[in-house]
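As the structure lists them, so they are numbered: ligands from 1, and atoms in each ligand from 1.
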Amino acid sequence: MAAPLEISKNEVRMVYAETLLKLNQHADALKVVNIALTDNPHDIKLLLKKSEIETMIRTGTNNAPPVKVQATGVPTAYQIGCRGQFPPSADSKLYCLYNRTTSPFLILAPLKMELVGLDPYMVLYHDVLSPKEIKELQGMATPSLKRATVYQASSGRNEVVKTRTSKVAWFPDGYNPLTVRLNARISDMTGFNLYGSEMLQLMNYGLGGHYDQHYDFFNKTNSNMTAMSGDRIATVLFYLTDVEQGGATVFPNIRKAVFPQRGSVVMWYNLKDNGQIDTQTLHAACPVIVGSKWVCNKWIREREQIFSRPCLKKRM
Ligand SMILES: O=C(O)CCC(=O)C(=O)O
Ligand SMILES: [Fe+2]
């Protein structure tokens, strides 16, 4: 099946095999080609490549000089997180439960909740989206996906930047019965009133698609972005797909990584209880290495939560 970038799994495997050949790893290259052949036993290019590699192995010819792999120094916390190498959480108070209390509706339909972190507060809900809903969301987004942008304080505008390479489609709250239902579910999960919050964003990351380390808050009290509805108090991120390799949401400062699981949702607070920005929320979307990553994002604004989550004077 062709991925959104029109690169087939086969083509990726061919490039991988060529790379291994350049590294003089002929046996590994042959393994990759053989795997590709199990899916496509009659592919002529693959068959030719297989016999070419077998000849190379047999005769020991065409061995390229070994490519020197450049040492890249000590990996950053972001890189370690993307590789799934953060140590297990030292937070002893973390647990799973059925959330029956955030909204009255949850008494009838409790949600499976996993506490990911307390500072900042971060929870993961499992099995929130059904396969049918996921299919519908992807279907409605696909025709209008456009390169995502990031707000640039220097120009005061949203611009396309190299650091965010996903495609996005925005949907107003009342766009269709599904968006209405999804927003109601977000309110149930978070206890927040969504009036004044941003539209739902459906996003797709292709191969290599990522969003470098960033904060979701603006921290500009006078900017046009926060004047009406306040800053982004919380982020709600639905995962519509598993990702075969890569694509985690990584929080380098608190050394946590959330790996996409189809139908789950991660939610975290970007602001502290006193309304100040929380710099521990630095996060990134790791590059997708194999697969395609779909997410749906809701940035919840602060102003409408004035009574349900009032700004506390004391720093919590
Ligand atoms: O896709 C992800 O994992 C994170 C997305 C994100 O941080 C954002 O859209 O602000
Ligand atoms: Fe973000």
**Student:** Donor-acceptor pair, distance only, cut-off 3.5 Å: does the side chain of R303 make one with the backbone of M228?
**Tutor:** yes
**Student:** Is ligand 1 under 4.0 Å from a heavy atom in the side chain of Q201, in the backbone, in both, or in neither?
**Tutor:** neither
**Student:** Between N10 and K45, does any side-chain donor sit less than 3.5 Å from a side-chain acceptor?
**Tutor:** no
**Student:** Taking S187 for its side chain and F192 for its backbone only, find out whether a donor-acceptor pair lies under 3.5 Å.
**Tutor:** yes
**Student:** If you have a sec, work out which protein heavy atom is nearest atom 10 (O) of ligand 1 and how many Å separate them, to one decimal?
**Tutor:** D216 OD1, 3.1 Å
**Student:** Examine the proximity of ligand 1 to T235 and report which part, side chain or backbone, both or neither, has a heavy atom under 4.0 Å away.
**Tutor:** neither
**Student:** Could you tell me if K293 sits above the aromatic ring of Y205, with its cationic atom closer than 6.0 Å to the ring centre and no more than 45 degrees from the axis?
**Tutor:** yes
**Student:** List every atom of ligand 1 that sits less than 4.0 Å from any heavy atom of Y211, numbering the atoms from 1 in the order shown and giving each element.
**Tutor:** 6 (C), 8 (C), 9 (O), 10 (O)
**Student:** Within ligand 1, which atoms have a heavy atom of L237 less than 4.0 Å away?
**Tutor:** 2 (C), 3 (O), 4 (C)
**Student:** Sub-3.5 Å donor-acceptor pair from the side chain of N40 to the main-chain atoms of H42, do we have one?
**Tutor:** no
**Student:** Which ligand 1 atoms are under 4.0 Å away from a heavy-atom of M203?
**Tutor:** 9 (O)
**Student:** Set out, in order, the CA-CA distance, both residues' side-chain angles and the distance that settles side-chain contact (heavy atoms from CB on, under 4.5 Å) for K49 and L46, then state yes or no.
**Tutor:** CA-CA 5 Å; K49 188 51 79 185; L46 287 171; 5.5 Å; no
**Student:** Consider only side-chain N and O atoms of S8 and E11, and report whether a donor and an acceptor are under 3.5 Å apart.
**Tutor:** yes
**Student:** Tell me, which protein residue and heavy-atom name are nearest atom 3 (O) of ligand 1, and how many Å apart are they?
**Tutor:** T249 OG1, 2.5 Å
**Student:** Please find out if less than 6.0 Å separates the ring center of F238 from that of W294.
**Tutor:** no
**Student:** Write out the residue and atom name of the closest protein heavy atom to atom 1 (O) of ligand 1, then the distance separating them to 0.1 Å.
**Tutor:** Y205 OH, 2.6 Å
**Student:** In D216, the N, O or S atom nearest to the Fe ion (ligand 2) is which?
**Tutor:** OD1
**Student:** Going by side-chain hydrogen bond (donor to acceptor under 3.5 Å, both in side chains), H283 matches just one of T249, N253, D216. Which one?
**Tutor:** D216
**Student:** Tell me which part of R164 gets within contact of ligand 1: side chain, backbone, both or neither, using heavy atoms under 4.0 Å.
**Tutor:** side chain
**Student:** Starting from atom 2 (C) of ligand 1, find the nearest protein heavy-atom neighbour and note its residue, name and distance.
**Tutor:** K293 NZ, 3.2 Å
**Student:** Quick one: does H214 get an N or O within less than 3.5 Å of an N or O on ligand 1?
**Tutor:** yes
**Student:** Among all protein non-hydrogen atoms, which one is nearest to atom 8 (C) of ligand 1, and what is the separation to 0.1 Å?
**Tutor:** N297 ND2, 3.4 Å
